[in-house]
Amino acid sequence: MKTIKGIWRFSRVICYTFVCLFQAYTRFKRVDRKEKGRMLRYYPTQVLKLAGVRCSYEGNVPELLHECGLTDTPPAYMVLSNHISWLDIFSLDSQLPSRFIAKAEIAKWPVFGLIAQQIGTLFINRSSKRAILRINDDIRGALCNCEAVTIFAEGTTTFGNELLPIKANFIAPACEIGATVQPVILSYKNKGKPTKRAAFAGDVTLFGSLWNVVTMEDAEVVVHFLEPITNTKDLTRHEVAKICEERMRAKLQEIWGDEYIANDANAAEALAKAIANG
């Protein structure tokens with residue numbers, strides 16, 4: 001029965017991605033910014049439902065940001081999230097639609113890459129310092145245009161019970177213009193308990209992760225909006241990253257308890273700086 005349900009959910013998700021692709025190439029191009037934001041909330045919400053995943057959020061989010069990912073006045077919010085699964089973008093967009101920073105290879109993915117290109121994803125070649133400078137200009141432009149920007153600042157995925165060092169490079173535009181930085185923790189649950197089954201990390205393949213998700217009996221993802229950092233103009237990017245790490249690690253420890261992997265915060269900060277400096 002679980003296999004049959006999994007096949008049914010899997011088929012629906014794959015078919016619906018083509019609906020999303022069609023909408024990205026047609027309707028998305030014709031509507032105004034607010035309607036684009038609403039579309040970015042609606043379609044990910046449907047993908048989660050088709051995959052059998054309930055999604056909710058905890059914390060406070062400004063109403064317009066929650067509705068369509070915009071702010072009334074610039075600059076908009078920069079969202080820093082942990083990264084676990086291919087589901088993360090859908091989960092975040094269903095609660096706060098935004099423009100994502102994604103590695104350049106994603107643009108070449110079949111279907112998903114085409115969708116990402118059409119909805120305003122900002123692609124980055126992380127190995128190029130010149131590319132980082134260019135993407136920071138794009139981030140600054142989006143924030144000044146009242147558009148929320150989301151960054152998976154760890155640079156890769158984990159199984160959800162730890163936080164890797166946050167790379168501070170992409171936080172620089174927020175500090176320069178005084179944008180609020182919103183730390184977020186994503187947590188996946190099965191039958192009400194934290195689970196690693198949704199992870200697309202380690203040796204888990206994309207297909208394997210998708211199958212793990214669609215065969216869960218009671219899957220849920222919670223988007224935890226933590227206390228935002230509003231005084232970014234008075235802080236350096238490394239200081240903002242450190243504050244975010246502290247708040248995100250504390251939340252992960254609360255969620256996972258004894259299963260939480262407590263990376264040394266000072267070592268993490270040193271590693272993050274070393275990565276940032278090349």
> Is a side-chain donor or acceptor of E239 paired with a backbone partner of T236 at a separation under 3.5 angstrom?
Replying inline: yes
> With distance as the sole test, does E220 use its side chain to make a donor-acceptor pair with the main-chain N or O of Y188 at under 3.5 Å?
Replying inline: no
>> Between L80 and F170, is the side-chain contact (heavy atoms from CB on, under 4.5 Å) condition met? List the steps.
In response: CA-CA 10 Å; L80 257 62; F170 301 134; over 6 Å; no
> Do the side chains of V221 and F90 get nearer than 4.5 Å, heavy atoms only?
Replying inline: no
> So, does R12 use its side chain to make a donor-acceptor pair with the main chain of L50 at under 3.5 Å?
Replying inline: yes
> Would you call T3 and I7 a side-chain contact if the rule is heavy atoms closer than 4.5 Å?
Replying inline: yes
> Do you know which two heavy atoms are closest between L40 and D93, and how far apart they sit?
Replying inline: O-CB, 3.4 Å
>> For N136 and E176: C-alpha separation, side-chain torsions, deciding distance, then whether side-chain contact (heavy atoms from CB on, under 4.5 Å) applies.
In response: CA-CA 11 Å; N136 276 352; E176 291 168 11; over 6 Å; no
> So, are E254 and K251 salt-bridged, with charged N and O less than 4.0 Å apart?
Replying inline: yes
> Should we count CG of N60 as having more than 12 external heavy atoms under 6.0 Å?
Replying inline: no
> With distance as the sole test, does S94 use its side chain to make a donor-acceptor pair with the main-chain N or O of S91 at under 3.5 Å?
Replying inline: yes
> So K29 and Q118, side-chain contact (heavy atoms from CB on, under 4.5 Å) or not? Walk me through it.
Replying inline: CA-CA 8 Å; K29 292 183 176 182; Q118 294 303 310; 2.9 Å; yes
> Is the shortest distance from a Lys or Arg side-chain nitrogen in D137 or R134 to a carboxylate oxygen in the other one below 4.0 Å?
Replying inline: no
> Can you find a heavy atom in the side chain of S98 that is under 4.5 Å from one in the side chain of V149?
Replying inline: no
>> As a test of understanding, state which of K193, R54, K191, K189 forms a salt bridge (Lys or Arg N to Asp or Glu O under 4.0 Å) with D218.
In response: R54
> Is any side-chain heavy atom of L163 less than 4.5 Å from a side-chain heavy atom of T158?
Replying inline: no
>> Counting only heavy atoms not in Y42 (residues, nucleotides, ligands), do more than 12 fall under 6.0 Å from its OH?
In response: no
> Which class fits the ring pair Y57 and H66: parallel under 30°, tilted 30 to 60°, perpendicular over 60°?
Replying inline: tilted
>> What I'd like to find out is whether the side chain of Q95 reaches to under 4.5 Å of the side chain of V61, using heavy atoms alone.
In response: no
>> Can you tell whether the side chains of E105 and K108 come within less than 4.0 Å, N to carboxylate O?
In response: no
> So, S85 side chain and A198 main chain: donor-acceptor pair closer than 3.5 Å or not?
Replying inline: yes
> Is E154 reaching over with its side chain to a backbone N or O of H83, donor-acceptor style, under 3.5 angstrom?
Replying inline: yes
>> Quick one, C55 with V223, criterion side-chain contact (heavy atoms from CB on, under 4.5 Å). Give me CA distance, side-chain angles, the key distance, then yes/no.
In response: CA-CA 8 Å; C55 186; V223 184; 4.2 Å; yes
> Hey, would you say the F10 and F207 ring centroids sit under 6.0 Å apart?
Replying inline: yes
> Side chain of T232, backbone of A179: donor and acceptor closer than 3.5 Å?
Replying inline: yes
>> Could you check whether any side-chain heavy atom of V53 comes within less than 4.5 Å of a side-chain heavy atom of M216, counting everything from C-beta outward?
In response: no
> Are the side chains of D88 and F200 in touch, meaning some heavy atoms are under 4.5 Å apart?
Replying inline: no
> Is there side-chain contact between S81 and L186, with heavy atoms separated by less than 4.5 Å?
Replying inline: yes
